[in-house]
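Sharing a structure here in structure tokens format.
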Amino acid sequence: GRFIFHESLTSGIAIVPALIGLFAVPQVVEMMEDSHVIFERVKVQIKEGLLGKVIKKHVHYLRTLTIGSILGTIIGVIPGAGAQVAGLMAYDQVKKMDKNPERFGTGDPEGVCASECANNATVAPACIPLLTLSIPGSPTAAVLLGGLLIQGLLPGPELFTKNADITYPFIIGMFLAQFFMFGFGILASRYTHVVSNVPNYMMFGTVMILCVFGSYCVQNSFDDVLIMFSLGALMLLFKKLGIPSAPIVLGIILGPLAEENFLRGRLIANTDVGLWQYFFSGTLNQVLIGLCVLSLASSARSALPAGPRPGSPASKRRPPMPREFAAAVVMTLIIAFFAFQLDGPQDEQSLLVPRFLLYLMAACNLGQYVQAFLHHRQKIDAIMTLKGYPLKRVGILCLLTVLYIGVLEIAGFYLSSFVYMIVVSLIAQPMQVTPAGVGKRILVSFACIGFLYLLFTVALTVQIPKGFMPF
């Protein structure tokens, strides 16, 4: 097969371990960096009428809600796209259309509103291809399809005629579920603030353990844990270079779908009207291609430097190490690495899409160098520096994490997680270690691992590797 560098990649990259590695692991390292900081405890006071104020505030986000709803509905109908794609695309489009896009990524509520609105909007449309064509539009819809088939119900036109007594209550039930979810969310919001009071030196170990268990339980495969950790380590480097994770996620999710459908369309085109006419003729094709070109042009224009303001510190100094240039060099090395892998004996059909993508990546990489050069000339580069970075503490904690991943199968998930959680919390805590502190860490770690044992082994009956543990 193509690009199988390790046996863990034989079956490809699963979406859930990839998402965990790209988003959660870098966040764990950020918590390691701030593990010595003791934050002030958050005291939440329930105020009357707060819900009404929140609803009124969302009136100002009417444009954002509209964009998220429309994109979520359209993407929800497309099988395989999913809520992740809708959330990322809605966030990206709202950011592009905003007058102050730099505020996105700083915790601004409008960014959360865009992605969550699109995320929620995909749920019902995913059932359209499910109920009419037997094609699930999301993993949840696939589960529903299995439930319908178990009951002897075959999705299609007859589902709305012969089995209307089941289909329409099902649709009405989904509608009513939204109100029940709203009520549950309002009640639960009174207590979720407790999580913010957990210190970082206890939180990051817990999150890392949850990442491991969550990645493993997708396919009961330790290979997914290795993929999760590897992508997380790669994303750490990308994050320091300013390379976002959202395009990588879109590539992992949409890449197989795009390749499969392109090859199918190419096969049909070669036996019919030809490749060019098949893909580029027709009103719908041309409209979609035009929208893609406009979106790319808008992104390229927004990436061009506007120049620093006169008298600003950025206009008086030239950074010694432009971050954008370093990111371009890293991408060049990645392109060269994959290009070298294409030299081996491969099926010509299987190399068609990878070659096209490498050419496209090379063109984008050239654009990176141009952008870095323009920014460098205008003296607005970001500086790459490790000054003040807690390298020693983060390095020790990262080495312990690597060791933890390495002994998981040998010592078992539960025992190794228990020891890992105690050790990293003691090393990372800023206070002096006392016997009472050690006892507290052991008690908290035992409670967390015990909960995971009851959840995964007892309740969900997941076959978690136990190593040399007797139970």
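We're numbering straight along the sequence, starting at 1.
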- Message: My understanding is that only residues two or more places apart in sequence, or in another chain, count here; which of them pass side-chain contact (heavy atoms from CB on, under 4.5 Å) with T206?
- Response: L210, M421
- Query: What's the spacing between L360 CG and I335 CD1 if we round to 0.5 Å?
  - Reply: 9.5 Å
- What are the two closest heavy atoms between V212 and V225, and how far apart are they? O-CG2, 3.8 Å
- Message: Using 0.5 Å steps for rounding, measure from the CD1 atom of I449 to the CG atom of L415.
- Response: 9.5 Å
- Listed by chain and number, what are the salt bridge (Lys or Arg N to Asp or Glu O under 4.0 Å) partners of E409, not counting sequence neighbours? none
- Query: Taking only residues two or more places apart in sequence or in another chain, which ones pass ring pair (Phe, Tyr, Trp, His ring centres under 6.0 Å) with F456?
  - Reply: F213
- Message: Take a 6.0 Å sphere around CZ of F356 and say whether it holds more than 12 heavy atoms from other residues, nucleotides or ligands.
- Response: no
- Message: Holding to ring pair (Phe, Tyr, Trp, His ring centres under 6.0 Å), I want the full list of residues that pass it with F418, two or more places apart in sequence or in another chain.
- Response: none
- Message: If the condition is ring pair (Phe, Tyr, Trp, His ring centres under 6.0 Å), which residues does F337 pass it with, not counting sequence neighbours?
- Response: F5
- Item | Test ring pair (Phe, Tyr, Trp, His ring centres under 6.0 Å) applied to F238 - qualifying residues, sequence neighbours left out | none
- Message: Per the side-chain hydrogen bond (donor to acceptor under 3.5 Å, both in side chains) rule, what does the pair list look like for residues 327-339, sequence neighbours excluded?
- Response: T332-N365, T332-Y369
Please report, to 0.1 Å, the donor-acceptor pairs under 3.5 Å made by any side chain of residues 107-114, with sequence neighbours excluded.
residue	atom	partner	partner atom	Å
D108	OD1	R103	NH1	2.8
D108	OD1	E110	N	2.9
D108	OD2	R103	NH1	2.9
E110	OE1	R103	NH1	3.4
E110	OE1	R103	NH2	2.6
E110	OE2	T64	OG1	2.5

- Might you point out which heavy atoms bring T122 and A118 nearest each other, and give the distance in Å? CG2-O, 3.2 Å
- Note on the structure: Sequence neighbours excluded, the answer for salt bridge (Lys or Arg N to Asp or Glu O under 4.0 Å) partners of K239 is E30
- Note on the structure: Closest heavy-atom pair, I128 versus T132, reported as atoms and distance to 0.1 Å, is O-OG1, 2.6 Å
- Message: I need the full list of side-chain hydrogen bond (donor to acceptor under 3.5 Å, both in side chains) pairs touching residues 173-182, with sequence neighbours left out, sorted by first then second residue.
- Response: none
- Give a yes-or-no answer on whether the side chains of S445 and Y420 include a donor-acceptor pair shorter than 3.5 Å. no
- Examine distances only and state if a side-chain atom of T167 and a backbone atom of L159 form a donor-acceptor pair shorter than 3.5 Å. yes
- Should we count CE of M174 as having more than 12 external heavy atoms under 6.0 Å? yes
- Item | Summary of ring pair (Phe, Tyr, Trp, His ring centres under 6.0 Å) pairs that have at least one residue in residues 247-267, sequence neighbours excluded | F262-F279
- Looking at residues at least two apart in the chain, or sitting in another chain, which of them share a salt bridge (Lys or Arg N to Asp or Glu O under 4.0 Å) with R355? E348
